[in-house]
Amino acid sequence: MEKLVITAAICGAEVTKKHNPAVPYTVEECVREARSAYNAGAAMIHLHVREDDGTPTQSKARFKAIMDAIREACPGIIIMPSTGGACGMTDDERLQPTELNPEIATLDCGTLNFGGDDIFVNTENSIKNFARKMQARHIKPEIECFDKSHIEQALRIIKSEGTITPPFQFNIGFGVNGGIGASILNFGYMRSALPEGAVYTATGIGRHEFPIAMLSILDGGHVRVGFEDNVYLSKGVLAPSNGALVEKVVRMAREFGREIASPDEARKIMSIN
Ligand code: KMH
Ligand code: ZN
């Protein structure tokens, strides 16, 4: 089977040091967490950034400072900035990291409840606008889908716009509060909706992180783990670092004969040029 690409979502926008004191806010903390994931086998970092006090921001300057520092500490690593940001941010605010021309960035393909009163808004026109802007800058979109309807929305835009072109890279997420639940049946349901030839990463939220990783390892998909999605190594045991979460996936993959992709191998697998 193809080598396994591990993405580490090291920071997120919602999780805080109250959930796990190792959640990174500062430049130095982001570098520490990225390095731990890279040394453990992550080929890609999915990046959100914060101010030093933990406030999520999509500031271009803050992204640049942290991306530069991570690149220096982790030679060759793929950095995939978020264009999702945090709930309540405007589209222009969210798009700022694309001005740095990253090789890949997230493209969220549907609106969903996001817990409590929060709604993560991605209208059809917003998604089209994000896709157009990313195509103009030759940024590969990772198509983020937290429900089957998001895959169907992405496919409609692929068909009508020509701004998202094959080979496609999807991230299918399970267990977001407001998104599709995490189960074997739902994994198959989402998986079966992906277009022929698509490459995909799977993400499970909270306690679903490792079961979903296992399904993806067995199915030939790729895996995302990290503090953005889950702060525990096992029930009641906080992960000391993002690297510890990646190490667990590496152990699982090796048990089932999947070798781990380097960043350059990941670029080939995911057609990131
Ligand atoms: N923080 C969420 C509201 C992405 O990075 O593209 C959105 C998110 C998705 O995390
Ligand atoms: Zn994210």
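One-based numbering along the sequence shown. Every number for a ligand or one of its atoms is a count from 1 in the order of the listing. Keep in mind that what you see is a predicted model, and the values were worked out from it rather than measured.
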Please could you name the atoms of ligand 1 that T106 approaches to less than 4.0 Å, counting only its heavy atoms? 4 (C), 5 (O), 6 (O)
Just by distance, do the side chain of T55 and the backbone of E51 share a donor-acceptor pair under 3.5 Å? no
Within ligand 1, which atoms have a heavy atom of G84 less than 4.0 Å away? 4 (C), 6 (O)
By ring pair (Phe, Tyr, Trp, His ring centres under 6.0 Å), which residues pair with F210, not counting sequence neighbours? none
Could you list which atoms of ligand 1 come closer than 4.0 Å to a heavy atom of H46? 5 (O)
What are the atoms of ligand 1, with element, lying closer than 4.0 Å to any heavy atom of F114? 2 (C), 3 (C)
How is the hydrophobic cluster of I104 composed, in terms of its other members, when Ile, Leu, Val, Met, Phe, Trp and Tyr link through side-chain heavy atoms under 4.5 Å apart, directly or indirectly? V5, M44, I78, M80, V199, I269, M270, I272
Under a 3.5 Å distance rule, please check whether S216 uses its side chain to pair with a backbone N or O of H222 as donor and acceptor. yes
Enumerated ligand 1 atoms positioned under 4.0 Å from heavy atoms of G85: 1 (N), 2 (C), 3 (C), 7 (C)
Which of the ligand 1 atoms, numbered from 1, are nearer than 4.0 Å to a heavy atom of D108: 4 (C), 6 (O), 9 (C)
Is the distance between the ring centroids of F120 and F114 under 6.0 Å? yes
By residue and atom, what protein N/O/S atoms are less than 2.8 Å from the Zn ion (ligand 2)? H46 NE2, H48 NE2, E228 OE2
Any donor-acceptor pair under 3.5 Å from R224 side chain to T7 backbone: no
Just jot down the ligand 1 atoms closer than 4.0 angstrom to any heavy atom of F120, in number order. 3 (C), 7 (C)
Can you confirm whether R50 sits close enough to V23 that some side-chain heavy atom of one is under 4.5 Å from a side-chain heavy atom of the other? yes
Would the distance check show the side chain of N171 and the main-chain N or O of I143 forming a donor-acceptor pair, the cut-off being under 3.5 Å? no
Tell me who clusters with L185, hydrophobic residues only, linked when side chains sit under 4.5 Å apart either directly or through other members. none
At a 4.0 Å threshold, what atoms of ligand 1 neighbour a non-hydrogen atom of E14? 1 (N), 2 (C), 3 (C)
Beyond-backbone contact of F174 with P211, side-chain heavy atoms, under 4.5 angstrom: no
If you count every heavy atom of other residues, nucleotides or ligands that lies below 6.0 Å from Y232 atom OH, does the total exceed 12? no
Considering heavy atoms of the protein only, find what lies nearest to atom 10 (O) of ligand 1 and give residue, atom and distance to 0.1 Å. E228 OE2, 2.9 Å
of all protein heavy atoms, closest to atom 4 (C) of ligand 1 is S82 OG, 3.2 Å
